[in-house]
Protein chains: 2
Amino acid sequence: MSTDAHEIYRRYVGAMVLHGLHAARECGLGGTDMYALNLLDLNGPMTPGELSAQTGLTTGPTTRLIDRLEAAGYVRRTPSPDDRRKVIVEPVGEPTELAEALAPARQKLGEVFARYSEEERRTLFDYFARATEALRP
Amino acid sequence: MSTDAHEIYRRYVGAMVLHGLHAARECGLGGTDMYALNLLDLNGPMTPGELSAQTGLTTGPTTRLIDRLEAAGYVRRTPSPDDRRKVIVEPVGEPTELAEALAPARQKLGEVFARYSEEERRTLFDYFARATEALRP
DNA sequence: CGTAATCTCTTCCTCAATGAAGAGACTTCT
DNA sequence: AGAAGTCTCTTCATTGAGGAAGAGATTACG
């Protein structure tokens with residue numbers, strides 16, 4: 001990666017972080033809540049214990065974090081079939097507020113994508129998939 | 001943009017937000033602080049008033065936000081030459097902690113980039129530039 | 001000039017999020 | 001069966017960020 005690519009990447013990451021936090025605000029979520037919601041979105045349903053391990057929070061705050069997300073309609077609690085002490089936290093489709101908050105950005109990005117050829121789009125989506133995997137914390 | 005592309009994009013944005021907030025924590029910064037630092041990075045030096053307008057904070061919290069960033073060595077305050085009431089807040093190069101926090105991700109992304117041809121990389125960087133512009137809040 | 005407007009910063013207060021510690025329910029192991 | 005361990009949730013106290021209001025310094029305007 002050349003210095004120039006570094007520079008581009010740095011600015012790009014900045015823009016994505018800005019965008020993400022902006023979306024979080026639009027949804028009435030804090031940064032940690034958005035963080036947790038994305039964890040659930042990327043890694044699938046998990047227990048509060050697993051979520052607390054991944055967020056770095058202790059169990060108390062995690063419970064209330066899930067409370068907030070559940071009250072806002074972003075996730076759902078389901079009893080675990082295997083272990084009745086456990087609870088499964090799963091994202092509930094894509095919440096309306098989140099979709100609406102992301103809509104303008106999607107619209108703009110859609111216009112950007114429209115400029116590329118089918119071949120180029122394949123390259124971009126391939127990169128997205130690989131980068132998502134590489135950035136997974 | 002097909003539904004499939006939507007899905008890929010959504011997961012990708014999620015990964016970037018996760019990555020950004022993770023980096024913020026590594027630097028000992030809150031989400032808002034990282035947000036502001038990225039604003040300064042992307043839009044260049046600005047006054048506390050402009051920063052408060054862009055973050056949505058009132059002036060009080062903005063002053064303390066700048067205090068935190070300055071104490072951590074991320075930005076510098078300079079008196080404005082034009083208007084002696086004003087202050088210019090400018091990022092101080094790239095802070096070591098931030099660079100270190102981003103280093104592992106850069107390493108991994110560098111490996112991802114290495115898989116592509118020169119032509120494909122051009123496409124990717126072109127996309128980054130356009131997407132950065134499109135996502136600017 | 002002098003009054004109003006602008007800009008940053010300070011002070012006080014409020015509220016939300018977090019950590020620590022422990023309770024209650026359930027499972028596992030001996 | 002019983003003891004120990006696990007998992008979630010609750011309670012209490014603390015910390016930190018943010019808003020509101022106003023002070024102090026400077027600039028712009030009549």
Side-chain angles (χ1 to χ4, degrees), chain A residues 17-18 20-22 24-40 43-72 74-91 97, chain B residues 17-18 20-22 24-40 43-72 74-90:
Chain A
V17 173
L18 243 65
L21 288 177
H22 191 74
R25 293 190 182 192
E26 294 292 322
C27 305
L29 292 177
T32 305
D33 295 18
M34 189 63 151
Y35 188 90
L37 191 54
N38 277 319
L39 280 175
L40 288 167
N43 300 342
M46 62 184 80
T47 66
E50 290 166 336
L51 191 58
S52 96
Q54 295 210 27
T55 56
L57 297 175
T58 55
T59 63
T62 301
T63 295
R64 286 174 307 236
L65 182 150
I66 298 170
D67 289 344
R68 288 194 298 273
L69 291 179
E70 193 176 33
Y74 293 121
V75 304
R76 171 174 45 203
R77 276 182 171 100
T78 313
S80 168
D82 304 335
D83 187 334
R84 291 201 300 183
R85 293 168 305 181
K86 291 188 181 178
V87 167
I88 305 289
V89 183
E90 53 187 351
E97 292 88 351
Chain B
V17 173
L18 242 66
L21 288 178
H22 192 74
R25 291 190 184 191
E26 295 292 322
C27 306
L29 294 177
T32 305
D33 296 18
M34 188 64 151
Y35 188 91
L37 192 54
N38 276 320
L39 280 175
L40 288 166
N43 300 342
M46 62 184 80
T47 66
E50 291 166 336
L51 192 58
S52 98
Q54 294 209 28
T55 56
L57 298 175
T58 55
T59 63
T62 300
T63 295
R64 287 175 307 232
L65 181 150
I66 298 169
D67 289 345
R68 289 193 298 272
L69 290 179
E70 193 176 33
Y74 293 122
V75 304
R76 172 174 45 205
R77 277 183 171 99
T78 312
S80 169
D82 303 336
D83 187 334
R84 291 200 302 184
R85 292 169 304 179
K86 290 188 182 178
V87 167
I88 305 290
V89 183
E90 53 187 351

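Chain letters run A, B, ... following the sequence lines, proteins first and then strands; every chain starts at 1. Everything numeric in this text was worked out from a predicted model, so none of it was measured.
- Computed from coordinates, the A/L29 CG to C/dA16 P distance equals 15 Å when rounded to whole Å.
- In this structure, the helix from C/dC1-D/dG30 to C/dT30-D/dA1 shows an angle of 20° between the axis at its start and the axis at its end, each fitted on 5 base pairs and rounded to 10°.
- Two residues are said to be in side-chain contact when any heavy atoms from C-beta on lie closer than 4.5 Å; A/P48 and A/V89 meet this criterion.
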Nucleotide N/O of nucleotides 14-16 of chain D paired with protein N/O under 3.5 Å:
none

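- Note: CG (B/D67) to C1' (C/dT8) measures 11 Å, nearest angstrom.
- For B/R77, the salt bridge (charged side-chain N to carboxylate O under 4.0 Å, His left out) partners at least two apart in sequence or on another chain are B/D67, B/E70.
- Atom CD1 of B/I66 is separated from atom P of D/dG18 by 12 Å (rounded to the nearest Å).
- The two residues A/S52 and A/T59 have their closest heavy-atom pair at OG-CG2, 4.4 Å.
- Here the CG-CZ distance, from B/L37 to B/R68, works out to 12.0 Å after rounding to the nearest 0.5 Å.
- Under the side-chain contact (heavy atoms from CB on, under 4.5 Å) criterion, B/R85 pairs with B/D83, sequence neighbours left out.
- Only one option out of B/E90, B/E50, B/R76 pairs with B/P45 in a side-chain contact (heavy atoms from CB on, under 4.5 Å); it is B/E90.
- Side-chain contact between B/L40 and B/Y74: absent, with no pair of heavy atoms (C-beta onward) separated by less than 4.5 Å.
- Remark: P of C/dT18 and OH of A/Y35 are 13 Å apart, rounded to the nearest angstrom.
- A heavy atom lying under 4.0 Å from DNA chain C marks the following residues of residues 77-90 of chain B, by number: B/R77, B/R85, B/K86, B/V87.
- Here the closest non-hydrogen pair linking A/T47 and A/K86 is CG2-CD, 4.1 Å.
- Contact annotation: the side chain of B/L65 approaches that of B/L51 to within less than 4.5 Å [non-hydrogen atoms, C-beta and beyond].
- Under the 4.5 Å side-chain criterion, counting only non-hydrogen atoms from C-beta, A/L69 is in contact with A/L29.
- Residues of residues 47-62 of chain B that place a heavy atom closer than 4.0 Å to DNA chain D, in numerical order, are B/L57, B/T58, B/P61.
- If you take CG on B/D82 and CD1 on B/I88, they are separated by 7.5 Å, rounding to the nearest 0.5 Å.
- In this structure, the separation between CG on B/N38 and CG on B/D33 is 11.0 Å, given to the nearest 0.5 Å.
- Nucleotide C/dC15 holds its P atom 18 Å from the CZ atom of A/R64, rounded to whole Å.
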